[in-house]
Structures are given as structure tokens and as C-alpha cells.
Amino acid sequence: MDNKMILNSRNEKTISVWLECLIFFLVFFICEAIKAIITIIPIFVEVFKALEKEITTHGTIRFDMKTINKLTSSLTAKPSVMIPLLFSCIITIAGVLFYCKFFRKRSYASMGIVKKHAAAHYFIGMFWGIFLLSLIYFLMHISGHTGTIRYMGFDYLLIPFFLGFIIQSASEEILMRSYLMNSIAAKSNITAAVLLNSFIFMALHLLNTGVTILSSLNIFIFGIIFSLIFLITENIWMVSGMHFFWNFASGCILGSKVSGSETLSLFSIPFT
């Protein structure tokens, strides 16, 4: 199955699949390093607060794995840390676009970044995110796997979370689908590109807290689904909209963890 994006990618400069993957990780880690520099101040502030609390409570600082895991989880749960992390994902978008445009001479069309029907496709993707998530929670509720639903109240910090998740979801899709998958497909074939980019998509989530074999399998399957939607629509917008609302609604509306991180939420839905 060929489409305009893949054909455009083949018209640009291509390299071997394995070299493509190595360069991908280099681009990824450079972007992550820059993001870390930008977000280091709010992280340090919260770390010092947590250490001060630990000393006040226990009279000393414990460095066992339980304490470290608790500290890590508490950091990502802080809006002062989580919001800058979400907005810092614009670095990934800028880095990928810069590399593809100036080093690989890729066109925006080859990355699925097109103006035609952009808003319509994005909102359709959001609808499918709402539908699938609602269906899952509905099935869990009627089967007795959720506890009492509690309204937690509206917080104005949900607005920057909303905007931050738009940036974060777009950054992952541009990184994984626009850049990596289309680059692999240009040199190899679409089946290999879908499977390899979905595997790497799963691998990049392995450092999240609470990772299990089932959660990793789910992410791999979602990687395939997102890739197929991207190929069918020949643009990045629908899959970005779906990815965005899945993450935002999971965390900020329904109160679930997003990639192992807690966020502010409108509702709390405990699982039994």
C-alpha cells in the first residue's frame, strides 16, 4: 500500500533502515536533553521540598527503592512539574521538523503535515478518543470493576493541562509517525515500518512507572492502530486528535494515570 506521504518521502534523501533507527534515537535523546535542561528548575524545587519533608517526618533521608519510587511518583503528580514537562514537548516538535527539513530535505507533505481538512480531521480524532475511552469505562463500570465516582471540582490549572496535552500528543505523533515510520517505509516497506515504529513506541514507554506486560502490549497495539489511521488519512491531524483526547480525558477528566503520571482531574474513578 503506497500513499502520497510515502511517495514524497521516497523522493527525498533516504538512508538504511538501521541507520535511520540509530539517528532517530540520537534526535530523540538530544531533544530529551534540551527538555531536561528547561524543566530542571521546577523539578529541583519539588525535590528539595520532598527531601525537606522526609527529614521533618523521619529525621533523615532514606535512599531505598521504595522512597525513590515514591519521590518520582510525587514529582510527576505536581502541576508545577507536569505542566512544564508537557509544554517542553514543543522542543521535540521543533527538533524533528528542523532535522527533517534541513538535514533530510523532507517536505511537510511527506510528514503528513498538511492544511487540507486539518481541523476536521483533528476533531474527528478527538471524537474517536472520547468514544473509545467512554466505551472502556462504561464496560468496566457495568461489570463492577469501578468504585464510586467522585467529582473533584474544577481547577483552572486544567486549562494549561489541556493545552499541554495537545502539544505532548502532537510531539509523539510527529516523532513516531511523521518522522520515523515514513522514513522507514521510504527505504523498506509499510508493514515493516508500522511494526518497527510501533515496537519502538512501546519501548519508549518502558521506563514509565507501573509498566506491565499487558500495558506494553496495549501500547504496541495502539501504535499499530495510530499508524494505520495515519496512513489511511495521509495526515497527522486525526491521530494527533485521538492521542490528545485519550491522554487528556484519561488523566484530567477520569482521574487515571497517564504513562504512569498523575494529573489534576475533574473526577476520581477508583478501580476495584
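Excluded from the calculations below are hydrogen atoms, water molecules and symmetry mates; all remaining heavy atoms, backbone and side chain alike, are included. When a residue number appears, it is its place in the shown sequence, counting from 1. Just so it is clear, the structure is predicted and the values come from calculations on it, not from any experiment.
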Q. CD1 of I224 to OG1 of T191: how many Å apart, nearest 0.5 Å?
A. 10.5 Å

(Q) On a heavy-atom basis, which atom in S188 and which in V17 lie closest, and how many Å separate them? (A) CB-CG2, 3.8 Å

Q | Residues which pass ring-ring contact (aromatic ring centres under 6.0 Å, His included) with F29, listed by chain and number, not counting sequence neighbours | A | none

Q) Is there a path from M202 to L214 through hydrophobic residues (I, L, V, M, F, W, Y) whose side chains come within less than 4.5 Å of each other? A) no

Q) Do the side-chain N and O atoms of S240 and R177 include a donor-acceptor pair separated by under 3.5 angstrom? A) no

Q: I would like to know whether E20 and R104 meet salt bridge (Lys or Arg N to Asp or Glu O under 4.0 Å); could you show each step before the answer?
A: CA-CA 11 Å; E20 191 73 71; R104 301 295 297 283; 2.7 Å; yes

Q. Does M152 share a hydrophobic cluster with I159, counting links as ILVMFWY side-chain heavy atoms below 4.5 Å and allowing steps through other members?
A. no

Q) With distance as the sole test, does S178 use its side chain to make a donor-acceptor pair with the main-chain N or O of L175 at under 3.5 Å? A) no

Q. What about Y137 and H141, are their ring centers closer than 6.0 Å?
A. no

Q. Under a 4.5 Å side-chain heavy-atom rule over Ile, Leu, Val, Met, Phe, Trp and Tyr, are W18 and M176 clustered together?
A. no

Q) How far apart are the closest heavy atoms of S268 and P270, and which atoms are they? A) O-CD, 3.6 Å

Q) Any side-chain heavy atom of L97 within less than 4.5 Å of one from Y108? A) yes

Q) Does the ring center of F226 lie less than 6.0 Å from the ring center of F230? A) no

Q.
Could you report the tightest heavy-atom contact between M82 and T263, atom names first, then the distance?
A. CE-CG2, 4.1 Å

Q: Using a cut-off of 6.0 Å, state whether more than 12 heavy atoms not belonging to L132 lie near its atom CG.
A: yes

**Q.** Close side-chain approach of E32 and T92, heavy atoms under 4.5 Å
**A.** yes

Q) Within a strict 4.5 Å, meaning less than it, do heavy atoms of the N197 and S227 side chains meet? A) yes

Q: Enter the distance from S143:OG to F138:CZ here, rounded to the nearest 0.5 Å.
A: 10.0 Å

Q.
Between S215 (side chain only) and V211 (backbone N and O only), is there a donor and an acceptor less than 3.5 Å apart?
A. no

(Q) Nearest 0.5 Å, please: how far is CG in L180 from CD1 in I200? (A) 5.0 Å

Q | Heavy-atom closest contact (A109 atom, M5 atom, distance) | A | O-CG, 3.6 Å

Q.
Give me the atom names and distance for the closest heavy-atom approach of I184 to L196.
A. CD1-CD2, 3.6 Å

Q.
Do W237 and H117 have side chains that approach each other closer than 4.5 Å (heavy atoms only, starting at C-beta)?
A. no

Q | S110 vs N182, side chain to side chain contact (heavy atoms under 4.5 Å, CB included): CA-CA, chis, key distance, verdict | A | CA-CA 8 Å; S110 74; N182 280 2; 5.7 Å; no

**Q.** Side chain to side chain, I124 and T233, heavy atoms closer than 4.5 Å
**A.** no

Q | Expected output: side-chain S169 to main-chain I166 donor-acceptor under 3.5 Å | A | yes

Q: For residues P79 and L264, determine if any side-chain heavy atom of one lies less than 4.5 Å from a side-chain heavy atom of the other.
A: yes

(Q) Are there over 12 heavy-atom neighbours, none belonging to F154, within less than 6.0 Å of that residue's CZ? (A) yes

Q) Does some side-chain heavy atom of I232 sit less than 4.5 Å from a side-chain heavy atom of M238? A) no

Q. With under 30° as parallel and over 60° as perpendicular, where do the rings of F24 and Y179 fit, or are they tilted in between?
A. tilted

**Q.** 4.5 Å side-chain heavy-atom contact, F201 and F220
**A.** no

(Q) If I take atom CG from residue L266 and atom CD1 from residue I253, how far apart are they, to the nearest 0.5 angstrom? (A) 6.5 Å

Q.
If hydrophobic clusters are built by linking Ile, Leu, Val, Met, Phe, Trp and Tyr wherever their side-chain heavy atoms come under 4.5 Å apart, do L26 and L22 end up in the same one?
A. no

Q: Evaluate whether atom CG of L206 has more than 12 neighbouring non-hydrogen atoms of other residues, nucleotides or ligands under 6.0 angstrom away.
A: yes

Q.
Hydrophobic clustering (ILVMFWY, side-chain heavy atoms < 4.5 Å, transitive) - are V81 and I37 grouped together?
A. no

Q) Atom CZ in F98, atom CD1 in I91: separation rounded to 0.5 Å? A) 12.5 Å

Q | Exercise: identify the closest heavy-atom pair between K101 and R106 | A | CD-O, 3.1 Å

(Q) If we ignore hydrogens and angles and just use 3.5 Å, is the side chain of N247 paired with the main-chain N or O of V258 as donor and acceptor? (A) no

**Q.** Approximate separation, where rounding is to 0.5 Å, of C89 SG and I174 CD1
**A.** 11.0 Å

Q.
Has S198 got a side-chain atom pairing as donor or acceptor with L195's backbone, closer than 3.5 angstrom?
A. no

Q: Using ring-ring contact (aromatic ring centres under 6.0 Å, His included) as the criterion, point out the one residue from F165, F162, F161 that pairs with F244.
A: F162

